[in-house]
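No hydrogens, no waters, no symmetry mates; every other heavy atom, side chains included, goes into these values. Below, chain A is the first sequence line, B the second, and so on; all start at residue 1.
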2 protein chains.
Amino acid sequence: MPAPPLRLGDLQLRILEVLWEHPDAGVGAVHEALKPERDLAYTTVATMLRKMEARGLVTHREEGRSFLYRAAVAADDVNRSAGDHFVERLFEGSLADAVSHLLTTREVSRGELEQLEKLIREAKRRAK
Amino acid sequence: MPAPPLRLGDLQLRILEVLWEHPDAGVGAVHEALKPERDLAYTTVATMLRKMEARGLVTHREEGRSFLYRAAVAADDVNRSAGDHFVERLFEGSLADAVSHLLTTREVSRGELEQLEKLIREAKRRAK
DNA sequence: GACGTGTAACTACCTCGGTAGTATTACCGT
DNA sequence: ACGGTAATACTACCGAGGTAGTTACACGTC
């Protein structure tokens, strides 16, 4: 199980997110899904997909004249990796510091706070 | 005061952290401080510092034959920027989702959990 | 006054993400 | 059978982070 650094750029991440939601999407479908937020050339998406396949991030299978792509890495792994990097890099691994910073530097609604409390209670029960 | 993207690489961030702790450090001092974790050539640090100055991340002042560097951006701004990027990019801006993910994908000590609870209570009081 | 040492400046590279143009291929409809 | 179209393949380019060698300079020392 190779667990390579998993260091993704923004576009690569967005592409993966599209593929997680729509497995077996073709280049055109991915391009289309990204259209609203990024006005990329069709070939740009195709190139990116090929580069990502070379890195083992996605796989493809042929379907007639088209390639259908699938993510080859799990969303959880990617997110966790990014989370680790974030906490590690800025807060020396201290989750509390990281969350503290997130909490104090932005507006958080009361609802979100309550949601967080619940989360922590659950975590405590789990850790018991 | 232009607030450029503030998108830093790992090394740049480490250098800034050194400068935040030791303002007016020379190239040698920064190099030395980074020695344990990264075995870089002296000139690599010097080059990086010059590149960062060009981007407005640091400033320098001459002191005899040496350059003394200072961070030109605040730690809070950098951290906040990174936090925003993290939450935005992976969790569509939902802080609760982000924290939830951080909490569930790693081991968190009981002490940390209690620390977090306190933080949330404070945030609630603040938000009233 | 010549010399060695440390410092900064300049230049060059490599990698990677991102972007896109051009070429090629294969299919389909008429 | 042919031409259009849509797909992939190939190639190139840019910028940025990161790395480091080479050069130039200024200083103190002998």
Can you find a side chain N or O atom of A/Thr44 that sits less than 4.0 Å from OP1 or OP2 on C/dG18?
-> no

N/O (side chain, B/Tyr42) to phosphate O (OP1/OP2, C/dA8) under 4.0 Å = yes

Report the distance from atom CZ of A/Arg7 to atom P of C/dG18, rounded to the nearest whole Å.
-> 12 Å

Please work out which of the three classes, parallel, tilted or perpendicular, describes the rings of B/Phe67 and B/His60, given edges at 30° and 60°.
-> parallel

Find the distance A/Leu11:CG to C/dA20:P and express it as a whole number of Å.
-> 10 Å

Taking all non-hydrogen atoms of both residues into account, name the closest pair between B/Leu57 and B/Leu6 and its distance.
-> CD2-CD1, 4.1 Å

So among A/Asp84, A/Asp77, A/Asp76, which one has a side chain to side chain donor-acceptor pair (under 3.5 Å) with A/Arg80?
-> A/Asp84

Pair pattern of DNA chain C in dot-bracket, where unpaired bases get dots and | marks partners in another strand, Watson-Crick or G-U under 3.5 angstrom = ||||||||||||||||||||||||||||||

Ignoring backbone atoms, test whether A/Arg55 places a side-chain nitrogen or oxygen under 4.0 Å from the OP1 or OP2 oxygen of C/dG17.
-> yes

By nearest-heavy-atom nucleotide on DNA chain D, the more 5' of A/Lys51 and B/Leu40 is A/Lys51

Side-chain ion pair, B/Asp10 and B/Arg38, N-O less than 4.0 Å = no

Using a 4.0 Å heavy-atom cut-off across all strands, classify B/Ala41 as base, sugar-phosphate, or nothing.
-> sugar-phosphate

Base, sugar-phosphate alone, or nothing: which one does B/Thr43 contact when heavy atoms must sit under 4.0 Å apart?
-> base

Using the ring of each side chain (for Trp, its six-membered ring), is B/Tyr42 parallel, tilted or perpendicular to B/His31, with breaks at 30° and 60°?
-> perpendicular

Side-chain N,O (A/Arg50) to OP1/OP2 (D/dA9) below 4.0 Å | yes

Distance in angstrom units between A/Arg65 CZ and D/dT8 P, rounded = 11 Å

State plainly whether the residues A/Glu53 and A/Arg50 are in salt-bridge range, i.e. N to O under 4.0 Å.
-> no

Residue whose closest nucleotide on DNA chain C lies nearer the 5' end, A/Gly9 versus B/Val27 | B/Val27

